[in-house]
**Q** 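Handing you a structure now.
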Amino acid sequence: MRKISTLLGMYFGFALGSQAQQIVQRDPLIATMISEISPDSLRSHIDKLVSFGTRHTLSSVSDPKKGIGAARRWVLSRFNEFAKQSGGRMTATIDSWMLQPDGRRVDKEHEIGNVMATLKGTDPNDDRIFMVSGHIDSRVSNVSNRESDAPGANDDGSGTAAVIELARVMSKYSFPATIIFVAVSGEEQGLLGANHLAERATNEKWNLEALLNNDIMGSNHSPDTRLIDNTKLRVFSEGLSGFETDKRANGIRQYGTENDGKARTLARYVKEIGERYVDNLEIKLIYRNDRYLRGGDHTPFVNRDFAAVRITEMNENFNNQHQDLRTENGTEYGDYAKNMDFEYLRKNTCVNLATLANLAKAPSMPQNVTLEARNLTNTTTLFWQAPKAGKVKGYYVLMRETHWPFWQKKFFTDKNGLTLPYSKDNYFFAVQAVGEEGHESLPVLPRPSMR
């Protein structure tokens with residue numbers, strides 16, 4: 001059964017005055033891509049990753065069959081194979097560097113690398129980048145143990161397999177914007193690969209609009225709560241970025257936008273688009289950056305002011321994470337593929353595809369979005385300018401009550417401004433650019449205009 005959207009105005013734009021009605025529906029091409037995501041293919045990716053014994057960050061980089069080096073080279077070979085069907089638009093590489101001892105989780109100099117495939121956008125005027133990641137490294141109970149088998153089927157073979165499968169399917173299609181698929185290294189040693197990549201994106205001034213980080217997303221049950229459910233998926237997002245929060249604090253406090261940072265805006269988008277395309281799946285917005293006592297590869301990007309979220313299964317099985325392979329008191333410990341639900345992993349991978357495809361096919365975000373705040377009125381007037389890239393059919397003005405977690409209504413207009421019969425004091429608003437085929441950009445919250 002198809003899920004009813006959480007947006008009241010999802011399928012019918014609420015027309016006001018001369019504003020035309022705009023119907024939002026599934027793009028048949030994105031639906032086709034989603035149909036190509038295969039649970040059997042995902043299983044084969046994970047089985048191969050597990051076959052390398054351990055993928056510990058400090059394991060062998062030279063052994064042809066075992067260790068992190070062999071695993072990275074295999075992922076690179078898959079990316080290069082997929083590139084053959086991209087018409088020259090996809091290229092792949094391992095971005096490598098040398099780790100230095102840090103006195104904590106790195107005890108010797110060691111080669112590390114992120115495996116990256118870049119599907120270049122077709123619009124030369126569109127420099128936007130959308131990225132999806134999972135971490136390729138694995139571990140057992142002792143984070144420094146680089147010798148024992150660490151299957152890492154779910155943590156994070158699931159995220160890495162999703163990235164590989166997305167590259168397999170999406171490389172056959174073209175998008176105006178660029179999509180980067182990344183198998184990140186060094187997560188268990190302190191988000192090392194993600195820090196390297198986030199710093200590179202900052203230094204090279206990438207126009208990175210969104211990062212979807214997938215970590216532990218393929219198991220559907222929890223032994224301590226006895227819950228078995230493959231119909232829910234968590235998206236973690238931080239409300240306030242640690243980036244220059246002190247400089248932004250006054251505006252955030254004055255206008256009450258502590259729940260509308262870049263990450264949380266992206267999380268709402270993932271929920272809307274994911275539920276639009278993936279049947280029998282509810283996306284739960286978790287209003288914190290990550291879980292207690294844990295961390296993820298999205299955080300270095302959040303800390304540098306990029307929109308980044310963590311996508312994670314609803315009910316984690318901690319007997320299968322960071323465990324030596326053993327059986328104690330009748331309980332088997334270890335991160336094996338047999339404990340996974342590959343149909344659930346398929347659905348979660350499809351959420352990523354729908355989000356990435358919709359973003360990469362949409363125009364860029366509208367510019368200079370403002371809310372007229374000079375006068376005391378019971379209406380709200382917004383203005384904006386056209387986006388830098390992409391062909392625009394119109395715009396959605398989004399609206400929600402201040403206590404509401406996600407957008408409730410969409411109003412479509414083909415103009416660069418709109419007045420709504422709702423008070424700016426009682427609602428939050430944002431504006432999206434809408435492409436000729438109906439794909440929406442990320443929303444932009446307005447800044448108050450006093451002039």
Side-chain angles (χ1 to χ4, degrees), residues 33 45 72 75-83 85-97 112-124 126-136 156 159-187 191-215 262-263 266 269-270 296-302 304-311 349 351-362 364 389 442:
M33 285 185 250
H45 301 329
R72 286 197 296 252
V75 174
L76 179 64
S77 73
R78 300 309 298 145
F79 285 163
N80 281 326
E81 187 65 27
F82 305 150
Q85 61 189 12
S86 72
R89 289 174 293 107
M90 178 181 276
T91 57
T93 187
I94 299 179
D95 179 13
S96 300
W97 67 101
I112 187 173
N114 297 326
V115 193
M116 304 176 63
T118 301
L119 184 61
K120 185 69 175 174
T122 57
D123 184 349
D126 192 341
D127 66 347
R128 291 176 301 152
I129 295 173
F130 300 100
M131 190 167 0
V132 59
S133 69
H135 73 83
I136 192 172
D156 184 32
T160 302
V163 169
I164 296 169
E165 183 71 354
L166 289 166
R168 182 186 73 83
V169 172
M170 300 184 80
S171 58
K172 295 182 288 185
Y173 299 88
S174 61
F175 305 88
T178 294
I179 302 173
I180 299 180
F181 309 87
V182 191
V184 180
S185 294
E187 193 268 357
L191 315 181
L192 302 179
N195 267 299
H196 170 86
L197 189 55
E199 188 68 15
R200 180 182 169 190
T202 300
N203 293 339
E204 297 178 8
K205 294 181 171 54
W206 293 3
N207 186 13
L208 176 60
E209 285 202 357
L211 166 71
L212 307 180
N213 175 46
N214 295 271
D215 196 349
K262 289 183 179 181
L266 172 60
Y269 189 98
V270 173
D297 286 324
H298 59 300
T299 299
F301 292 88
V302 172
R304 291 168 174 83
D305 203 33
F306 294 110
V309 298
R310 178 193 179 109
I311 297 174
T349 304
V351 169
N352 282 265
L353 190 151
T355 303
L356 290 168
N358 208 68
L359 283 169
K361 289 168 74 69
S364 57
L442 285 170

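Index from 1, following the sequence. Keep in mind that the numbers below use all heavy atoms, side chains included, and drop hydrogens, waters and symmetry copies. From a predicted model like this one, the values you see are computed outputs, not experimental measurements.
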**Q** Quick one: does H298's side chain get under 4.5 Å of V309's, heavy atoms only?
**A** no

**Q** Please report the C-alpha distance between E165 and R168 in whole Å, then the side-chain angles of each, then the deciding distance to 0.1 Å, and finally whether the salt bridge (charged side-chain N to carboxylate O under 4.0 Å, His left out) criterion is met.
**A** CA-CA 5 Å; E165 183 71 354; R168 182 186 73 83; 2.7 Å; yes

**Q** Could you tell me which non-hydrogen atom of A263 sits nearest to which non-hydrogen atom of A308, and how far apart they are?
**A** CB-O, 3.4 Å

**Q** For a 4.5 angstrom cut-off between non-hydrogen side-chain atoms, does F79 reach V163?
**A** yes

**Q** Grab the two heavy atoms, one from A360 and one from R128, that are nearest each other, plus how far apart they are.
**A** O-NH2, 4.0 Å

**Q** Rounded to the nearest 0.5 Å, how far apart are CG of L119 and NZ of K172?
**A** 12.5 Å

**Q** Can you measure from OG1 (T178) to CE (M131) and round to the nearest 0.5 angstrom?
**A** 11.0 Å

**Q** With sequence neighbours left out, what residues match T93 under side chain to side chain contact (heavy atoms under 4.5 Å, CB included)?
**A** none

**Q** Enter the distance from R78:CZ to F181:CZ here, rounded to the nearest 0.5 Å.
**A** 14.0 Å

**Q** Of all residues at least two apart in sequence or in a different chain, which pass the side chain to side chain donor-acceptor pair (under 3.5 Å) check with T355?
**A** none

**Q** Side chains of F82 and I164: does their closest heavy-atom pair fall under 4.5 Å?
**A** yes

**Q** Would you indicate whether the side-chain heavy atoms of I180 and W206 approach each other to under 4.5 Å?
**A** yes

**Q** Measuring only between side-chain heavy atoms, which start at C-beta, is I129 closer than 4.5 Å to N207?
**A** no

**Q** Can you name the closest pair of heavy atoms from G193 and N114 and give their distance?
**A** O-ND2, 3.1 Å

**Q** Hey, is the main chain of G113 close enough, under 3.5 Å, to the side chain of S185 for a donor-acceptor pair?
**A** yes

**Q** How long is the gap from CZ on F175 to CG on D126, to the nearest 0.5 Å?
**A** 13.0 Å

**Q** Would you say that I112 contacts H196 through its side chain, given a criterion of any heavy-atom pair below 4.5 Å between the two side chains?
**A** no

**Q** Do the side chain of N358 and the main chain of A354 share a donor and acceptor less than 3.5 angstrom apart?
**A** no

**Q** Considering all heavy atoms of both residues, which atom of S171 and which atom of M90 are nearest to each other, and what is their separation?
**A** CB-CE, 3.5 Å

**Q** Going by heavy atoms in the side chains, are F301 and N213 under 4.5 Å from each other?
**A** no

**Q** Do L211 and L266 pass the side-chain contact (heavy atoms from CB on, under 4.5 Å) test, and can you show the C-alpha distance, the side-chain angles, and the key distance before you say yes or no?
**A** CA-CA 9 Å; L211 166 71; L266 172 60; 6.0 Å; no

**Q** So how far is it from N214 CG to L166 CG, rounded to the nearest 0.5 Å?
**A** 7.5 Å

**Q** Could you give the distance from CZ (R310) to OG (S133), rounded to the nearest 0.5 Å?
**A** 10.0 Å

**Q** For A357 and M33, which heavy atoms make the closest approach, and how far apart are they?
**A** CB-CE, 4.3 Å

**Q** Using a 4.5 Å cut-off on heavy atoms from C-beta on, say whether the side chain of E187 contacts that of D156.
**A** no

**Q** Check for a donor-acceptor pair, side chain of T160 on one end and backbone N or O of H135 on the other, with a separation under 3.5 Å.
**A** yes

**Q** How far apart are the closest heavy atoms of F306 and A201, and which atoms are they?
**A** CZ-CB, 3.9 Å

